[in-house]
Amino acid sequence: MYNLKSSVAALVLLGQGISAQNSSFQNSSSSWDHSLYTSSPGVFPSPNTTGIGWEDALQKAKDWVAQLTLEEKVAVLTGEPKGPCIGNIAPITRVGFPGLCLQDGPLSIRQATYASVFPAGIAAASSWDRDLIRQRGEYLGAEFRGKGAHVALGPVAGPLGRSADAGRGWEGFSPDPYLTGIAMKETIEAMQESGVQACAKHWIGNEQETQRNPGLSPTNKTIEAVSANIDDRTMHELYMWPFADAVKAGVASMMCSYNRLNGSYACQNSKAINGLLKEELGFQGYVMSDWGATHGGVANAEAGMDMDMPGTITFFKAGTSYWGQNLTNAVNNGTVPESRIDDAAHRIMTPYFFLGQDQDYPLIDPTSGPINILGIQPYLDTFQYGEANVDVRSNHADLIRKLGSAGTVLLKNSNNALPLNKPKNIAVFGNDAADPENGLYSLSLTSNGDFEYGHLAVGGGSGTGRLTYLSTPLDALKARTKQDGTLLQWNLNNTLLTDSTPGAAFGAIYPYPDTCIVTIKTWAAEGYDKVNLLPDWNGTAVVEAVAGWCNNTIVVTHTSGPIVMPWADHPNVTAILVAHFQGEQSGNSLVDVLYGDVNPSAKLPYTIAYNESDYAFARITNSTELKLTEDPNAWQADFEEGLLIDYRHYDYYNLSVQYEFGYGLSYTDFSLSDVKIERLAPSNLTARPAAAATVPGGNPTLYDTLYEITVKVKNTGSLAGDAVPQLYLSQPVDASFGRTPTQVLRGFEKVALAAGQTRTVTFPLMRRDLSFWDAVQQQWIIPSGNFGVRAGFSSRDIQVTSGFKVL
Ligand SMILES: *[C@@H]1O[C@H](CO)[C@@H](O)[C@H](O)[C@H]1NC(C)=O
Ligand SMILES: *[C@@H]1O[C@H](CO)[C@@H](O)[C@H](O)[C@H]1NC(C)=O
Ligand SMILES: *[C@@H]1O[C@H](CO)[C@@H](O)[C@H](O)[C@H]1NC(C)=O
Ligand SMILES: *[C@@H]1O[C@H](CO)[C@@H](O)[C@H](O)[C@H]1NC(C)=O
Ligand SMILES: *[C@@H]1O[C@H](CO)[C@@H](O)[C@H](O)[C@H]1NC(C)=O
Ligand SMILES: *[C@@H]1O[C@H](CO)[C@@H](O)[C@H](O)[C@H]1NC(C)=O
Ligand SMILES: *[C@@H]1O[C@H](CO)[C@@H](O)[C@H](O)[C@H]1NC(C)=O
Ligand SMILES: *[C@@H]1O[C@H](CO)[C@@H](O)[C@H](O)[C@H]1NC(C)=O
Ligand SMILES: *[C@@H]1O[C@H](CO)[C@@H](O)[C@H](O)[C@H]1NC(C)=O
Ligand SMILES: *[C@@H]1O[C@H](CO)[C@@H](O)[C@H](O)[C@H]1NC(C)=O
Ligand SMILES: *[C@@H]1O[C@H](CO)[C@@H](O)[C@H](O)[C@H]1NC(C)=O
Ligand SMILES: *[C@@H]1O[C@H](CO)[C@@H](O)[C@H](O)[C@H]1NC(C)=O
């Protein structure tokens with residue numbers, strides 16, 4: 001499809017599907033008709049930015065762009081692969097423009113020296129702590145700026161986390177769109193306050209890595225990328241939701257994704273970019289392609305893409321682009337109006353002026369991208385450089401340690417296993433405990449293959465980071481056990497640990513430890529999905545082997561997301577800590593929780609079910625047949641489950657799970673009471689939002705607070721701790737709109753409470769929180785009927801309930 005040369009014909013074909021908005025986009029129903037999702041309606045022309053919120057900067061951008069030739073304008077839109085950053089817009093020396101430097105990624109300025117590696121998105125989300133998430137964004141922004149990067153390629157809301165086996169689930173926050181939306185907002189606002197442009201990625205439907213790009217069949221036929229086929233309601237209520245928060249937060253840029261969406265490539269899907277993003281959500285910034293996600297040239301420009309990255313057709317080879325000279329030609333021959341080029345240039349330059357990047361911005365640190373993945377040398381000599389090896393870490397390690405412990409989820413704590421109290425004899429098991437055997441930077445896109453021994457503090461691919469040092473669990477335990485004179489022993493060899501020869505595993509351990517800590521891990525990286533939901537290196541068998549022998553086994557997991565835990569109810573497994581990818585302070589953060597220096601307060605940002613088969617409703621699309629297909633259009637991922645992902649699925653079908661969404665223990669106890677509902681909305685409130693001029697985020701009245709729910713939270717234990725009261729809402733169900741989740745998260749707060757202290761927590765409910773997306777009316781509608789209010793400490797630990805009727 002993307003090969004079509006004639007732009008006009010291509011646009012018309014790509015834009016087909018007139019009935020789509022009503023019939024095919026309508027229902028997230030149980031009767032899925034695939035044929036309704038194979039095309040995406042055309043939305044043209046691409047809307048011009050009006051600079052809402054950025055008016056002065058837009059004027060500056062317009063004045064600035066007006067002095068450029070067409071070639072120069074196109075150069076602002078097209079990546080220059082011969083540059084020092086992962087993405088480069090070339091300098092225009094004639095007008096004193098130093099160009100733009102774009103750098104990966106969501107948890108660190110990826111390749112740079114002397115930069116911090118922060119906890120991954122999923123670990124940050126596990127804290128459920130807006131303030132710490134915000135501080136992470138602020139410090140990330142400061143580090144990118146300090147290295148002379150204008151654009152930070154993060155944060156991530158897509159993948160959202162439809163599939164537990166998706167390779168990039170850890171880069172983003174949570175499969176719950178409300179939680180992810182808040183994390184996006186806090187991160188983006190804080191990053192941009194630090195002066196760097198954020199890039200919300202990947203727009204949209206990028207829920208798997210397998211066949212995310214086109215490939216070749218056995219006979220070398222081009223096989224198109226997987227098509228994420230999503231109904232309109234699900235698009236709005238799940239996948240778009242956190243991006244709406246990103247746009248509302250004023251995000252400078254968005255990255256369109258590799259996959260196809262309802263049949264057309266995301267970076268040339270006019271419905272997605274012109275329609276949903278720029279018209280409906282009122283996005284004023286620019287859309288850049290993921291690296292190599294441009295397949296159409298003219299079609300991309302018309303569909304609303306504004307920047308082509310990295311500016312090559314073949315990923316590793318400079319010299320050709322669908323844009324560049326091709327786009328100039330398309331303007332000169334009348335195919336693409338110059339006003340589209342102007343608009344894209346305005347969109348790119350407005351955030352630059354808005355954030356003051358034209359004034360005193362640090363020059364590029366030449367050591368911030370020493371391994372140019374495009375491998376194209378030499379760089380253009382017009383790029384300007386500042387100091388090398390600038391240390392941008394400041395005191396950020398303090399936050400990294402704090403956020404790490406605030407995001408470490410305690411799932412089980414029996415026999416008072418934790419906190420540790422001057423243990424006499426600790427044994428540490430498992431290959432995740434100590435230093436990585438191959439150094440501190442894991443660019444590797446492939447697998448855990450080169451990573452048997454070593455602590456996993458970050459995943460691979462463009463979302464990784466270059467560690468300057470690493471606090472491993474074993475290092476941190478060595479330091480802490482010294483204080484109490486504890487004997488610390490270890491066996492890190494998983495092969496030995498799972499050897500059935502009697503005595504093989506524990507021969508060297510003496511005397512019998514009172515505390516056994518087992519560390520297990522699951523690698524994940526861009527480009528690859530997980531083949532199962534088990535820990536790597538036979539971690540399940542390692543836990544079972546240790547627990548078969550040690551009656552105080554504490555399991556610590558460092559994973560990219562959910563793994564199954566068949567040992568969770570083993571009587572000798574006394575405690576379980578889920579730590580995800582914690583960044584450079586990983587060991588210290590863990591030990592703070594193990595010893596009770598920090599009272600755990602993290603909550604699961606997803607569900608841990610019992611078995612792999614419990615995740616079958618939304619596994620990635622893949623099969624041997626597909627791998628061998630000769631049908632270019634064979635890769636189809638039908639999001640048939642609609643809204644019912646993660647806890648929405650388990651709740652709807654009334655399935656029991658191992659550990660539910662929102663669950664996590666503390667060393668103290670909390671109670672929740674006194675739910676009160678206050679209506680702020682006028683009595684004549686209408687189901688439809690009042691018509692209003694679109695602002696970034698969409699119709700502004702969607703964000704009006706209509707209700708406030710308050711609850712009282714009390715620390716009933718004897719230790720200070722942080723509670724996370726959570727508000728779930730059950731919407732009135734109208735079966736004609738398909739399957740509606742039983743309950744959805746619509747509020748949470750992290751509350752610090754001294755022993756015995758009580759505080760009142762307020763959850764504001766906005767119009768959007770109360771509405772569902774009506775695909776026929778193309779509108780957010782508040783349903784009539786009773787809303788159930790459910791407040792508690794997890795999605796299944798509901799302490800108080802109440803209800804109200806809006807209409
Ligand atoms: C969808 O349906 C509504 C009401 O039935 C109609 O007004 C509208 O034109 C339709 N939209 C499309 C794109 O078919
Ligand atoms: C964008 O602005 C240009 C210049 O003002 C105008 O010619 C063009 O029609 C506008 N495009 C749209 C889609 O409004
Ligand atoms: C496919 O292309 C590759 C690389 O050009 C070549 O080695 C291989 O022989 C081709 N296979 C077929 C079936 O043509
Ligand atoms: C223009 O695009 C075509 C693909 O449509 C490509 O083959 C060609 O190399 C491009 N030209 C330039 C100058 O980049
Ligand atoms: C105009 O130029 C573009 C880019 O080179 C090309 O794809 C398109 O076919 C040309 N159209 C005409 C009518 O020449
Ligand atoms: C781990 O144990 C196995 C089984 O005893 C042994 O073959 C292997 O060499 C050990 N690996 C290391 C790195 O010691
Ligand atoms: C994992 O451990 C089990 C139990 O000890 C053993 O039977 C199996 O061979 C191990 N598998 C691998 C891949 O090492
Ligand atoms: C628990 O550990 C003890 C050793 O302390 C062992 O004897 C027992 O078999 C273990 N229980 C199970 C279920 O493996
Ligand atoms: C665990 O095993 C130790 C050593 O055998 C024993 O002293 C202790 O009582 C056991 N604890 C429990 C809770 O079974
Ligand atoms: C996809 O399927 C192929 C062929 O069956 C298999 O080799 C590969 O491991 C699968 N990938 C994933 C991520 O499941
Ligand atoms: C609702 O009532 C207020 C006055 O109480 C009025 O200003 C407003 O226009 C009314 N809204 C609608 C939609 O009727
Ligand atoms: C939507 O799906 C539900 C449940 O499958 C069905 O009852 C209803 O008729 C469908 N509604 C429309 C408008 O297609």
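Start at 1 and go down the list; that is how both ligands and their atoms are numbered. Any value given below was found using the heavy atoms of this structure, including those in side chains, with hydrogens, waters and symmetry copies removed.
Salt-bridge check for K82 with D381: failed, with every basic side-chain N at 4.0 Å or more from each acidic carboxylate O. Using a cut-off of 4.0 Å between Lys/Arg side-chain N and Asp/Glu carboxylate O, K201 and D290 are scored as not salt-bridged.
The shortest N/O to N/O separation between S623 and ligand 10 does not fall below 3.5 Å.
The part of N622 lying near ligand 10 is the side chain, judged by heavy-atom distances below 4.0 Å. By the criterion of a heavy-atom distance under 4.0 Å, both the backbone and the side chain of T320 are placed next to ligand 4.
Checked by atom type and distance alone, the side chain of N611 never pairs as donor or acceptor with a backbone atom of V564 at under 3.5 Å.
Atoms of ligand 4 found under 4.0 Å from any heavy atom of N326 (numbered from 1 in listed order, with element): 1 (C), 2 (O), 3 (C), 8 (C), 10 (C), 11 (N), 12 (C), 14 (O). Within ligand 10, the atoms closer than 4.0 Å to a non-hydrogen atom of D529 are 13 (C), numbered from 1 in the order shown. Every atom of ligand 10 is numbered from 1 in the order shown, and the set under 4.0 Å from a heavy atom of V531 is 9 (O), 12 (C), 13 (C), 14 (O).
Residues that satisfy the side chain to side chain contact (heavy atoms under 4.5 Å, CB included) test with Q636, not counting sequence neighbours, are H34, S227, N229, R260, N633.
Heavy-atom separations between S321 and ligand 4 include at least one value shorter than 4.0 Å.
Within the structure, salt bridge (charged side-chain N to carboxylate O under 4.0 Å, His left out) contacts touching residues 492-509 (residues at least two apart or in different chains) do not occur. Listed by first and then second residue, the salt bridge (charged side-chain N to carboxylate O under 4.0 Å, His left out) pairs that reach into residues 202-211 are E209-R212, sequence neighbours excluded.
Just one residue in the list K530, E171, K521 forms a side chain to side chain donor-acceptor pair (under 3.5 Å) with S560, and that residue is K530.
Atom OH of Y510 has 12 or fewer neighbouring heavy atoms from other residues, nucleotides or ligands inside a 6.0 Å radius.
Judged purely by distance below 3.5 Å, without hydrogens or angles, the side chains of N269 and S40 pair a donor atom with an acceptor atom.
Among protein residues, T498, N538, A541 come within 4.0 Å of ligand 7, judged on heavy atoms.
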